[in-house]
Amino acid sequence: MTNHEIASLLRKIAASYTVINEQKYRFQIIAYQKAAESIDHETTQVKDLVKENKLESLPGVGPSIRQHLEELIKTGKVKHFETVTKDVPAALFPLLSIPSFGPKKAFKLVNHFKLKNPDTVLEDIKKLAEDHRIAELPGFGDKSEKDILRALGEYKKGFGKTTRMVLPYASQIADKIIDYLKKSPNVEAAFPLGSLRRKLSTVGDIDIAVSSKNPKKAIDYFVSYPYMGRVIEQGPISASILTSGGQQVDVMVLEPHRFGSLLQHFTGSKNHNVALREFAIKKGLSLSEKGIKHSKSGKVDEFDTEEKFYNALGMDWIPPEIREDTGEVELALKHNLPKLVQLKDIKGDLHIHSSYPIEPSHDMGNNSMEEMLKKAQELGYEYLAFSEHNPNLSKHTKDQLYSIMARRKEKIEQLKLKYKSIRIINLLETDILPNGNLAIDEKCMGELDATLVSIHSVFKMDKEEMTKRVLSGLSHPKAKILTHPTGRLLNERNGYELDFEKIFDFCKQHNKALEINAWPQRLDLPDTLVRQAVGHGIKMVIDSDSHAVSEMDLMQFGVSVARRGWAQKNDILNTLEYNKLIDWLKE
DNA sequence: GCCGTTTTCGGCCCGACTGTTTTCAGTCG
């Protein structure tokens, strides 16, 4: 059972409690939802956490849910869950995936029409709506009947709750809309917020905050966006639309003198805001996008900047990337937040695929070494490392392999003479073969300063075997960096499983580094593992893995991952100046 | 059911918007 499936199960329990008796179980409902969210975001599999007895380290998992999950992993079911769901119609649950359907609405329909079959319930509801049987129910009307039909239609077309965009794609859409918004005289400023501002690896819907002296006019302007599918909702200070491409965009507007609290509110995360608000309650304060209300007097303090909002709570301003309620509020109060690594700290890129004819095992770059060096200089880098894939093993003899590697080294040496203002490093991205050996032999290895190593084939190995394979590859003295360590491709495949405790221990002991790969579909290490690596004192490098000049700009997304993982400058090796970096690579 | 920011007991965020309502329930973020 995957973490996502387990999270769904916990959400089912929360929904069941809601249906059974929302008042009585209101805090259990919150607890189950919290635990579900926590497990959905956890990169280690629950079954492994059970094995290692670490389940309760997850926020929101206490003694009770821990026991249930242990039972689930051991026996495949949970007695308590069966008791809870016993009196809840099974046909209710599929409806919960449909936007605008919650447990109450789903239950009313399923219960009133005695729908029994979860496999056909969507079709059943559709038919009932088409036959105008739903409007006659108390609490429903003509409009809700039409809304239900549309929601079902959109869900079928894939506009569901779960389609998430990779970060740069979401940024592009947001930029387009912000450009449009800024053309209005009623828009003073517009910023992307929500998960986009917190730089999550994938973004569900696009949130934009607008500062305006006339919010209503700004909203009117927003909902006449030319690339619009339809307006989902529209009020005096906020509106949501579906673009013609099917992406949801939420806009909230407030006057400039309240913009600070709006930025804070709309950036989230939800958990961060809840933590902040629970803290405020104890001080007799109530927080919202409008400002800070003093509970006794009812007076509301307003804030034009986010800094002032946080400062008013006695906290330092918290970088958006770490607003996840994982300890940042506490540290902000103690004025002890980490100083996160920044894009300008990066002094070079160590993972660059040029078009040099190395006859590689995998994809080759599109631009010459010279073109990529020019770009590196424009980016202000002090150094650049070439790290093409190793030559294809099956198509060359040993001697041919060596001659390719020797020629490549010769080329790099020539470039070093030609380019005085940037240092060039001679690396390679070497495959770790299924047996744990590296793809090139010692003689070829001699032509390199050091090598990156990674998994590019035979992903389907169990956790223990794969960990052994990776550590075997990494144990070569020239292997310094494990690139895209989990092998995940967002929205496409999960990574292979690795025992990261063992990987961390090994890296620490043998002075190896893990890569944060900035390629938008990878963003690998994932932020949660970066945080763990930082905790273990593991060094990392942030690389673009560029196959073209334009891709070298993607470095920023890797930096965002590092920041989300609480990495500081000294955790990231390619913030080092050249001499120190090369010493480490060659040691 | 979880959790420790004055608490190991007694708390648990806040508001926008919609549709069906004459004052609110449901959903969402």
Side-chain angles (χ1 to χ4, degrees), chain A residues 10 13-15 17-19 22 24-38 56 58-69 80 84 95-96 98-109 134-148 151 161 193-195 204-207 215 219 231-240 248 250-254 261-262 264-293 295 300 313-315 325 327-334:
Chain A
L10 295 178
I13 303 305
Y17 273 135
T18 311
V19 168
E22 191 185 20
K24 183 175 168 192
Y25 294 115
R26 60 179 178 263
F27 298 117
Q28 278 89 339
I29 294 165
I30 295 169
Y32 273 92
Q33 282 167 342
K34 258 194 165 165
E37 201 177 330
S38 178
E56 270 185 70
L58 289 182
V61 177
S64 179
I65 293 182
R66 171 180 61 79
Q67 270 187 13
H68 296 325
L69 292 182
H80 176 66
V84 175
L95 289 172
L96 299 177
I98 315 283
S100 81
F101 275 79
K104 304 272 198 64
K105 187 163 145 185
F107 180 73
K108 272 188 203 164
L109 292 170
I134 289 179
E136 65 202 35
L137 256 137
F140 292 81
D142 285 345
K143 191 70 174 49
S144 37
E145 209 167 59
K146 284 188 189 113
D147 286 346
I148 286 172
K161 286 173 175 171
L193 299 184
S195 48
D205 47 23
I206 290 165
D207 298 317
I219 292 286
V231 178
I232 298 170
E233 59 181 32
Q234 178 183 0
I237 64 166
S238 79
S240 299
Q248 184 172 335
D250 301 336
V251 161
M252 188 176 262
V253 190
L254 280 180
S261 50
L262 175 60
Q264 197 291 315
H265 162 78
F266 215 6
T267 298
S269 67
K270 187 182 155 142
N271 287 343
H272 174 80
N273 285 356
V274 170
L276 226 51
R277 287 165 186 192
E278 286 181 350
F279 166 76
I281 287 174
K282 283 156 198 152
K283 300 194 127 194
L285 303 170
S286 167
L287 311 183
S288 79
E289 60 268 40
K290 305 284 173 59
I292 300 181
K293 184 158 86 184
S295 307
V300 178
L313 295 170
M315 295 175 195
D325 187 27
E328 75 280 8
V329 173
E330 225 173 343
L331 292 180
L333 277 168
K334 292 184 195 150

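Residue numbers begin at 1 in each chain, while the letters A, B, ... track the order of the sequences.
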- Taking NZ, NE, NH1 and NH2 as the nitrogens, is one of them in A/Glu37 or A/Lys270 under 4.0 Å from a carboxylate oxygen of the other? no
Side chain of [X] only, please: which of [options] is the nearest?
X: A/Asp147; options: B/dG15, B/dG29, B/dG19; value: B/dG19
X: A/Ile237; options: B/dC17, B/dG29, B/dG1; value: B/dC17
X: A/Gln234; options: B/dG29, B/dT18, B/dA16; value: B/dT18
X: A/Ser288; options: B/dC14, B/dC2, B/dG26; value: B/dC14
X: A/Lys104; options: B/dG26, B/dC17, B/dT5; value: B/dG26
X: A/Glu330; options: B/dA16, B/dG1, B/dT5; value: B/dT5
X: A/Tyr32; options: B/dT27, B/dT5, B/dG1; value: B/dG1
X: A/Pro103; options: B/dT5, B/dT7, B/dT27; value: B/dT27
X: A/Gln248; options: B/dG1, B/dG29, B/dA16; value: B/dG29

Measure from the side-chain N and O atoms of [X] to the backbone N and O of [Y], and report whether any donor-acceptor pair falls under 3.5 Å.
X: A/Gln248; Y: A/Asp205; value: no
X: A/Glu289; Y: A/His265; value: no
X: A/Ser286; Y: A/Ser295; value: no

Does [X] have a side-chain nitrogen or oxygen under 4.0 Å from the phosphate oxygens OP1 or OP2 of [N]?
X: A/Ser286; N: B/dC14; answer: yes
X: A/Lys143; N: B/dG19; answer: yes
X: A/Ser144; N: B/dT20; answer: yes
X: A/Ser238; N: B/dA16; answer: no
X: A/Lys270; N: B/dG29; answer: no

Shorter than 3.5 Å, N or O on both sides, protein versus nucleotides 9-12 of chain B: list them out with atom names.
from, atom 1, to, atom 2, distance (Å)
B/dC12, O3', A/Glu278, OE2, 2.9

- Complement of B/dT8, any strand, by Watson-Crick or G-U distances under 3.5 angstrom: none
Given atom [atom1] of [X] and atom [atom2] of [N], what is their separation to the nearest angstrom?
X: A/Ile232; N: B/dG19; atom1: CD1; atom2: C1'; value: 16 Å
X: A/Gln264; N: B/dC14; atom1: CD; atom2: P; value: 13 Å
X: A/Met252; N: B/dC14; atom1: CE; atom2: C1'; value: 10 Å
X: A/Phe266; N: B/dG29; atom1: CZ; atom2: C1'; value: 8 Å

Please report the distance separating the [atom1] of [N] from the corresponding atom of [M], rounded so that it comes out in whole Å.
N: B/dG19; M: B/dC12; atom1: P; value: 32 Å
N: B/dT5; M: B/dG11; atom1: C1'; value: 13 Å
N: B/dT6; M: B/dC2; atom1: P; value: 23 Å
N: B/dC13; M: B/dC28; atom1: C1'; value: 14 Å
N: B/dT23; M: B/dT18; atom1: C1'; value: 15 Å
N: B/dT20; M: B/dT27; atom1: P; value: 14 Å
N: B/dC3; M: B/dT8; atom1: C1'; value: 9 Å
N: B/dG15; M: B/dG10; atom1: P; value: 27 Å

- Note on the structure: Note: for A/Pro138 and A/Asp207 on DNA chain B, the residue whose nearest nucleotide lies more 5' is A/Pro138
If you look at every strand shown and take non-hydrogen atoms under 4.0 Å, does [X] touch a base, only sugar-phosphate, or nothing?
X: A/Lys105; result: sugar-phosphate
X: A/Pro59; result: sugar-phosphate
X: A/Asp142; result: sugar-phosphate
X: A/Lys283; result: nothing
X: A/Gln28; result: base
X: A/Leu276; result: nothing
X: A/Tyr25; result: nothing

- Begin with the C-alpha distance, continue with both residues' side-chain angles, and end with the deciding distance and a verdict on side-chain contact (heavy atoms from CB on, under 4.5 Å) for A/Thr18 and A/Phe107. CA-CA 10 Å; A/Thr18 311; A/Phe107 180 73; over 6 Å; no
- Syn or anti for B/dT7, taking syn as within 90° of 0? syn
- Message: So, using side-chain contact (heavy atoms from CB on, under 4.5 Å) as the criterion, who are the partners of A/Ser38 when residues are at least two apart?
- Response: A/Leu58, A/Pro59
- Note on the structure: Applying ring-ring contact (aromatic ring centres under 6.0 Å, His included) to A/Tyr25 and not counting sequence neighbours gives A/Tyr17
- Passing candidate, side chain to side chain contact (heavy atoms under 4.5 Å, CB included) with A/Gln264, options A/Leu313, A/Leu193, A/Leu276: A/Leu276
